[in-house]
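In what follows, a structure is listed as C-alpha cells, so that the remarks can point back to it.
Numbers restart at 1 for each chain; the letters A, B, ... are given by sequence-line order, proteins then strands.
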Amino acid sequence: MAQKPSIPKGTRDFSPTEVAKRNYIIQTIKKHFEVYGFQPIETPSFENSETLMGKYGDEGDRLIFKILNSGDFISKVDDVTYSSKNSASLTPKITEKALRYDLTVPFARYVVMHQNEIDFPFKRYQIQPVWRADRPQKGRFREFYQCDADVVGAKSLLQEVEFVQLYDAVFTALGLKGTTIKINNRKVLSGIAEVIGAKHLLIDFTVALDKLDKIGEEGVKKEMLAKGISESAIDKASPLFAMSGSSMEQLEQLKSLLVESEIGMAGVAELDEITRNVEALGLQSAQLQLDVTLARGLNYYTGAIFEVSAPEDVKMGSIGGGGRYDDLTGIFGLKDISGVGISFGLDRIYLVMEELNLFPSSVSKSVDVLCVNFGNQESMAALKLVNQMRAKGIKAEVYPTNTKMQKQMKYANSRNIPYVVLIGAQELEQEQFVVKDMAQGTQQTYSLGNSEEFTEHL
RNA sequence: GUGGUUGUAGCUCAGCUGGUUAGAGCGCUGGAUUGUGGUUCCAGAGGUCGCCGGUUCGAACCCGGUCUUCCACCCCA
C-alpha cells in the first residue's frame with residue numbers, strides 16, 4: 001500500500017525559485033563576511049551530546065534533538081535507570097550524539113580543539129543549518145540556517161563597532177531598509193541588578209525586563225514580584241521603564257542610576273564607546289538603538305548584546321542576534337579567550353524580504369536564453385549557437401522537443417527567460433537567428449557567424 | 001512542554017440548522033492561431049473534503065483521536 005509522503009513538522013522542501021532566493025541572501029552575506037576578513041569553517045551536523053548539553057540552559061537542553069545510539073543500546077542500560085522511567089536519567093545513556101543547536105558552541109569547541117593551528121585573533125564565518133525541537137510557528141522552524149561571524153582572541157571594542165557596520169552593510173545590500181540594531185550590555189544589566197539588590201536574581205530580573213515592550217510596565221513588575229524580587233528593588237529599577245531619548249541621553253540616565261556599581265559603569269562606558277564610534281562612522285540604512293531591556297542569550301554573553309529587528313511594518317521576531325562572550329571556550333578548557341559575534345537568521349530574512357517584495361526578478365531567472373526547437377536540423381544549429389554562448393558563461397538551452405511554438409514560448413515566459421532565440425528553416429537558410437526580447441516583445445535578427453553581436457549585450 | 005487554531009481542485013478560498021451528481025476565481029490542457037509568450041474568446045480535465053474511528057437512514061458539516069498549519073505562553077534566528 002502506497003503511503004502518503006510527508007516531511008517532519010517544522011521542516012520544508014525548497015523549490016528551484018526558493019533555493020535561488022535563499023542563495024541570493026547567502027551569497028550577499030558571504031560576500032560581506034569575506035570583505036570584512038572572515039574565513040569560512042564548517043562543523044559536523046551532530047556533536048557529542050556533552051558538547052551541547054548544559055550550554056543553553058534547561059530550556060535549551062529540552063530543545064536539543066538527541067540522536068538515538070546505534071545497536072542494541074537498550075540492553076546496555078542498567079536496570080535501575082531502565083525501570084526508573086525517568087527521561088532525564090535515561091536519555092544520556094541512550095543518546096551519545098545530538099544535532100547542532102546553534103553555531104556558536106560548536107565554534108567554541110572548534111577553537112579549543114584547533115587552538116594550535118589557529119592564528120589569533122581568529123575571524124571565522126559559518127553558514128549551516130541548525131536544529132531545534134521547538135514547536136513551529138511563523139518564522140520558527142525545527143531546521144533552519146544561521147549565518148554566523150565571530151572573532152575570538154581580541155578584546156577590543158572595535159569588533160563590536162565593525163559588527164554593527166557589517167549588519168548595516170548586509171541589510172543595505174539586500175535592500176532591507178529600516179532595520180533596527182538593538183544594543184545592550186550584560187554588564188549594565190548586572191550593574192542594575194546589583195544596585196537594586198537583586199544580584200542573585202539577575203536572570204529572572206532581565207528575562208522579565210526583556211518583556212517590557214510586550215507586556216508593559218505593570219506586567220513586568222508583576223513578573224518580577226512573582227520571581228521573588230522585592231518591591232523596593234523594583235522601585236529602584238523603575239527609571240528603566242521610562243528610559244527615553246537618544247542613546248546618548250539614555251546613557252546619561254544610566255550613569256546616574258549606576259554610579260554605585262563598578263561593573264554597571266564599565267558596561268555604560270563600553271556602550272558609550274561603541275555608540276560614539278558607530279555614530280562617527282555612520283550607517284547606511286540601519287539604525288543603532290540602545291535598548292536596556294534587551295536581554296537575550298544571557299547564558300553566555302558577558303558584554304555587548306545585539307539583536308536585529310525587521311522593519312517596523314513587518315511582523316517578525318528578530319532576524320539576527322549576537323554579542324560578546326568573554327569565556328565561552330573556558331567550558332572546554334581554554335581560558336581567557338574573548339569572543340564576539342553576530343548571527344543572521346536566513347529563513348526569517350527570507351520571509352521578510354518576500355513580504356516586502358525585495359527579491360530582484362533576476363534572482364529567479366533560470367536561464368538567459370532559450371532556443372526554440374524547430375526540428376532536427378534547426379535544433380543542431382541552435383545547439384551550436386548555445387555552445388558558443390555557454391563558452392562565454394551565458395546560461396543557454398535548447399527546448400528539447402519539437403513541439404508547437406506556442407508551447408515553447410509559454411514555457412520561456414513562465415520560466416522568466418529574458419531572451420528567446422528562433423532558428424527555423426528560413427533563418428537556417430540565410431544563416432541567421434532571430435532574438436526575441438521577452439520583456440519588450442521586440443525582435444532582432446543577427447548573423448549566425450557573428451553571434452557576439454548579440455551576446456556582448458548580455 | 002502548556003493552551004488554542006487551521007486543513008475542501010495545483011493555488012486562494014466559498015459550501016445554509018447534517019440531505020442526492022461538492023462550487024468559484026486563478027492556474028493547467030486543448031482549440032480559435034500549422035513561426036510567436038505575457039492580453040482576449042471557446043471547450044475540457046482535475047477533489048479518498050488531512051488521516052483514522054464513532055454518532056446517524058444519511059457526515060465536508062456533529063463527536064473522539066491523530067497529523068499538519070498558524071497563534072499565545074515558554075524560548076528564540
remark   = Between CZ of A:Arg142 and C1' of B:C75 the distance, given in whole Å, is 14 Å
key: Pairwise C1' distance for B:A9 and B:C49, with rounding to whole Å   = 10 Å
inquiry  = Please give the distance between the C1' atoms of B:U6 and B:C70 as a whole number of Å.
reply    = 7 Å
ask   = Would you say the ring centroid of A:Tyr145 lies under 6.0 angstrom from that of A:Phe344?
value = no
task = Measure from OH on A:Tyr56 to C1' on B:A77 and round the result to the nearest Å.
result = 13 Å
query = For A:Lys315 and B:C70, is the shortest distance between a side-chain N/O and OP1 or OP2 below 4.0 Å?
reply = no
inquiry  = Nearest whole Å is fine: how far is B:U5 C1' from A:Lys9 NZ?
reply    = 13 Å
ask   = Rounding to the closest angstrom, what is the interatomic distance between B:C57 and B:G18 at atom C1'?
value = 12 Å
key: Under 3.5 Å donor-acceptor pair, A:Gln137 side-chain atoms to B:U69 base atoms   = no
ask   = Do A:Phe359 and A:Tyr350 have their ring centres less than 6.0 Å from each other?
value = yes
message = Can you tell me the base-pairing partner of B:C62? Count Watson-Crick or G-U wobble geometry only, both distances below 3.5 Å, and say none if there is no partner.
response = B:G54
key: Between C1' of B:C70 and CZ of A:Phe141, the distance in whole Å   = 12 Å
key: Polar contact flag, side-chain donor to acceptor under 3.5 angstrom, A:Arg124-A:Gln126   = yes
query = Is A:Ser343 touching bases, backbone alone, or none of the nucleic acid, heavy atoms closer than 4.0 Å?
reply = nothing
ask   = How would you label the contact of A:Gly57 with the nucleic acid (heavy atoms, under 4.0 Å): base, sugar-phosphate, or nothing?
value = nothing
ask   = Considering only side-chain heavy atoms of A:Val207, which listed nucleotide, B:C75, B:G35, B:U69, is closest?
value = B:C75
No-H, no-angle donor-acceptor pair, A:Asn413 side chain to B:G37 base, under 3.5 Å = yes
ask   = From B:G38, B:G35, B:C75, pick the nucleotide closest to the side chain of A:Lys410?
value = B:G38
request  = Report yes if a donor N or O on one partner sits less than 3.5 Å from an acceptor N or O on the other, where the partners are the side chain of A:Lys436 and the base of B:G37; otherwise report no.
outcome  = yes
request  = Can you tell me the pairing partner of B:A24 across any strand shown, Watson-Crick or G-U wobble, with both distances under 3.5 angstrom?
outcome  = B:U12
ask   = Which part of the nucleic acid, if any, lies within contact of A:Gly10, taking any heavy atom under 4.0 Å across all strands shown: a base, the sugar-phosphate backbone alone, or nothing?
value = sugar-phosphate
query = Centres of the A:Phe33 and A:Tyr125 rings: under 6.0 Å?
reply = yes
query = When rounded to the nearest Å, what value does the distance between P atoms of B:G54 and B:U68 take?
reply = 24 Å
ask   = How long is the line joining CE of A:Met405 and C1' of B:U36, in whole Å?
value = 4 Å
query = Which part of the nucleic acid, if any, lies within contact of A:Gln408, taking any heavy atom under 4.0 Å across all strands shown: a base, the sugar-phosphate backbone alone, or nothing?
reply = nothing
inquiry  = I want to check one thing: is the phosphate of B:C73, taken as OP1 and OP2, less than 4.0 Å away from some side-chain N or O of A:Lys214?
reply    = yes
query = Distance between the C1' atoms of B:G58 and B:C42, in whole angstroms?
reply = 40 Å
Distance-only polar pair, side chains of A:Thr11 and A:Arg142, donor-acceptor under 3.5 Å = no
ask   = When the C1' atoms of B:U20 and B:C13 are considered, how many whole Å apart are they?
value = 25 Å
message = Suppose we define a pair by two distances each less than 3.5 Å, Watson-Crick or G-U wobble; what does B:A43 pair with here?
response = B:U29
ask   = B:G47 and B:C11: how far apart are their C1' atoms, nearest whole angstrom?
value = 14 Å
ask   = Is A:Gln443 side chain donor-acceptor paired with the B:G35 base, going by distance under 3.5 Å alone?
value = no
query = B:G35 P sits how many Å from A:Phe433 CZ, rounded?
reply = 21 Å
message = Can you work out whether A:Val308 or A:Gln406 has the more 5'-proximal nearest nucleotide on RNA chain B?
response = A:Gln406
request  = Step through it carefully: locate the ring centre of A:Tyr419, locate the ring centre of A:Phe454, and say whether they are under 6.0 Å apart.
outcome  = yes
message = Just to be sure I understand the rule, does A:Leu422 reach a base, reach only the sugar-phosphate, or reach nothing, if contact means heavy atoms closer than 4.0 Å?
response = base
query = Taking atom types as they are modelled, is there a donor-acceptor pair under 3.5 Å from the base of B:C74 to the side chain of A:Arg135?
reply = no
ask   = Going by atom types only, do A:Ser338 and A:Asp326 share a side-chain donor-acceptor pair under 3.5 Å?
value = yes
message = Counting the atoms with a prime plus P, OP1 and OP2 as sugar-phosphate, which does A:Gly60 contact under 4.0 Å by heavy atoms, base, sugar-phosphate, or nothing?
response = nothing
key: Value in whole Å for how far the C1' atom of B:A77 lies from NZ of A:Lys182   = 14 Å
ask   = For atom C1', what is the distance between B:G46 and B:U8, given to the nearest Å?
value = 14 Å
request  = Evaluate whether the aromatic ring of A:Tyr145 and the six-membered ring of the B:A77 base sit under 5.5 Å apart, centre to centre, with an inclination under 30°.
outcome  = no
task = Pick base, sugar-phosphate or nothing for A:Gly320, based on heavy-atom distances below 4.0 Å to the nucleic acid.
result = sugar-phosphate
query = Is the A:Phe306-A:Phe163 ring centre distance short of 6.0 angstrom?
reply = no
ask   = Would you say B:C75 has OP1 or OP2 under 4.0 Å from some side-chain N or O of A:Lys211?
value = yes
request  = Measure the distance from CG on A:Leu63 to C1' on B:A77 and round it to the nearest whole Å.
outcome  = 13 Å
key: First of A:Ala133 and A:Glu307 reached from the 5' end of RNA chain B, by closest nucleotide   = A:Ala133
